[in-house]
Amino acid sequence: MSDTRMVIPLKRAELVLIGTAHVSRESINEVREIIREEKPALVCVELDESRYASITQQDSWEKLNVINVLKEGKGFLLMANLVLSGFQRRMGAELGVKPGEEMKTALDTAKELGIPYALCDREVQTTLRRAWANCGLWQKCKLLASLFASAFTTEKLSAEEIENLKKRGELDGMMSELATYLPEIKQTLIDERDEYLAAKIWASAPKDSPSRIIAVVGAGHMQGIKMHLEKIAGGEKSDDVSDLDRIQARRTLSKALPFLVPLVIVTLIALGFVRGGADMSLSLLTQYILWNGSLAALGAALALAHPLAILVAFAGAPITTMIPFVGVGIFSGIIQATFRKPKVSDAQTIIDDVGSLKGFYRNRMTRVLLVFFLTNLGSSAGTFISASVMAGRLMAS
């Protein structure tokens, strides 16, 4: 049996699992041929409603309101999603293949033959939010570094290297590296989705009569899906995956941090008053404002933000740091979107633009996200630097 095709006998159906590489021309052809040959009772695909809309609806990005995204606190999630999409798009561009084209082909072929289909993956926003919530501070820093390194790398993969990604030996090596470097991320992006996909495939299978179904998934999920399906079929586990749709409660430190930071700043300024009176207290407050505001403004400037957005970053950072759950990047991003309003053309080219750093800056929609992200990053750096500087002065006094 090939590395990309697996037949799994279930109690009420026989499942043909097709493993693909998401930017593989060979995978597209294989999916089309197998569905036409097998004419299954059902076609399952590794897509959720959001990604299905993004690859089938030409105007899906045009409907996006980036200001609402920031107000809803989803700026980072959107940015991470775009970075991942851009990486896949850039790989596919080398081969003339759009990311997810094999999934779209599976759906198009099913529709052409009048075969029912099911979207079996977990919502991408849920996956990203669970991945973020499952990480500690150090893991989050490593995740951000990995995202941006993958986003703007100039490394190119050949068609042969893409096809090798479907081979089990290559995949085992990649999964092992991911598990070592970012075990929490591997658990959320791979292991949990193996379980989720298996449960949804099982639940979608026809129950009235024995039949054959086809599931099109990334090759890296094949072994995990097989293991979970066998456990469900054997009665060892349930197909209820509602727990995997929930966002984990934040860790104690993560919950406390937004309150601890302003408490530390206020305490340092108060200690300055005790140690050196009003003059020292005012001096410490000035240092806090200058460090926090200046680095937030620098972040906005590095994103080539509108001058007013830079000014808002400077003035707002020292204030928003003292207000839990509110980041200055929301305000600078909204100002950027208001005065440099994204155009329809930006929405139409966004997936192509996120494949390069130049494109990120050129596109007005992603520029808003850059302003949001770099302003928050600058403010965070300014907060910790100012706290260190203030503590140093107090210890020296």
Side-chain angles (χ1 to χ4, degrees), residues 1-20 31 34-35 37-52 103 106-107 110 115-131 133-134 166-169 171-172 174-176 178-179 183-249:
M1 187 179 299
S2 74
D3 289 323
T4 60
R5 183 172 178 176
M6 182 184 296
V7 179
I8 305 174
L10 305 176
K11 285 184 177 180
R12 58 194 182 208
E14 186 174 63
L15 171 67
V16 179
L17 203 58
I18 305 173
T20 71
V31 165
I34 292 177
I35 293 176
E37 175 186 327
E38 297 286 348
K39 293 183 175 59
L42 177 72
V43 172
C44 298
V45 292
E46 183 199 325
L47 283 178
D48 59 273
E49 292 288 349
S50 299
R51 284 183 293 155
Y52 174 67
M103 300 296 169
L107 294 174
I115 299 171
Y117 62 86
L119 309 179
C120 294
D121 204 359
R122 182 170 62 187
E123 277 292 325
V124 64
Q125 294 288 348
T126 300
T127 296
L128 291 174
R129 290 178 66 187
R130 283 181 64 90
N134 203 31
K166 296 187 289 185
K167 295 181 180 178
R168 190 176 177 193
L171 287 168
D172 287 345
M174 289 177 64
M175 292 302 102
S176 177
L178 181 59
E184 292 87 352
I185 299 302
K186 191 262 183 181
Q187 177 187 346
T188 308
L189 296 186
I190 307 298
D191 299 341
E192 286 186 1
R193 288 176 59 229
D194 288 348
E195 183 178 355
Y196 196 95
L197 286 161
K200 292 302 180 181
I201 290 170
W202 174 268
S204 300
K207 300 175 178 59
D208 50 356
S209 61
S211 56
R212 171 166 280 209
I213 63 177
I214 284 178
V216 183
V217 300
H221 291 292
M222 292 180 72
Q223 293 299 324
I225 289 174
K226 178 177 182 293
M227 177 188 71
H228 288 294
L229 275 173
E230 289 174 345
K231 288 182 178 180
I232 293 172
E236 298 176 50
K237 66 183 301 182
S238 166
D239 63 352
D240 180 11
V241 286
S242 56
D243 284 347
L244 297 182
D245 272 324
R246 298 192 184 100
I247 308 302
Q248 302 99 311

State, with a plain yes or no, whether a side-chain heavy atom of [X] is found less than 4.5 Å away from one of [Y].
X	Y	value
K200	Y196	yes
L42	S204	yes
R51	L119	no
V216	E46	no

In terms of side-chain geometry, is the basic nitrogen of D121 or R193 positioned less than 4.0 Å from the acidic oxygen of its partner?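 Salt bridge between D121 and R193, a charged N being under 4.0 Å from a carboxylate O: yes.
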Assess whether a salt bridge exists between R122 and D48, defined as any Lys/Arg side-chain N lying under 4.0 Å from an Asp/Glu carboxylate O. no
Atom NZ of residue position K237 - does it have more than 12 heavy atoms of other residues, nucleotides or ligands inside 6.0 Å? yes
For side-chain contact (heavy atoms from CB on, under 4.5 Å), just list the numbers for T127 and E192, CA-CA rounded to whole Å, side-chain angles, deciding distance to a tenth of an Å, and then say yes or no. CA-CA 9 Å; T127 296; E192 286 186 1; over 6 Å; no
So, taking the atom named [atom1] in [X] and the one named [atom2] in [Y], what distance separates them when rounded to the nearest 0.5 Å?
X	Y	atom1	atom2	answer
I225	E230	CD1	CD	12.0 Å
I8	M227	CD1	CE	11.5 Å
Q187	I190	CD	CD1	11.5 Å

What pairs with D239 under side chain to side chain contact (heavy atoms under 4.5 Å, CB included), at least two apart in sequence or on another chain? A199, W202, A203, I232
If you compare all heavy atoms of [X] against all heavy atoms of [Y], which two are closest, and at what distance to 0.1 Å?
X	Y	value
G218	M103	N-CE, 4.2 Å
D194	G224	OD2-CA, 3.5 Å
V43	A110	CG2-CB, 4.0 Å
E195	V241	O-CG1, 4.1 Å
P40	I115	O-CG2, 3.4 Å
M222	V217	CG-CG2, 4.2 Å

Applying side-chain contact (heavy atoms from CB on, under 4.5 Å) to L244 and R130, what does each step give before you reach the verdict? CA-CA 9 Å; L244 297 182; R130 283 181 64 90; 4.0 Å; yes
Test of understanding: with side-chain hydrogen bond (donor to acceptor under 3.5 Å, both in side chains), list the residues that count as partners of E14, not counting sequence neighbours. R212
Under the criterion side-chain contact (heavy atoms from CB on, under 4.5 Å), which of R5, E38, K39 is the partner of I214?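 Exactly one pass, corresponding to E38.
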Walk me through it: do L47 and L107 pass the test side-chain contact (heavy atoms from CB on, under 4.5 Å)? CA-CA 10 Å; L47 283 178; L107 294 174; 3.9 Å; yes
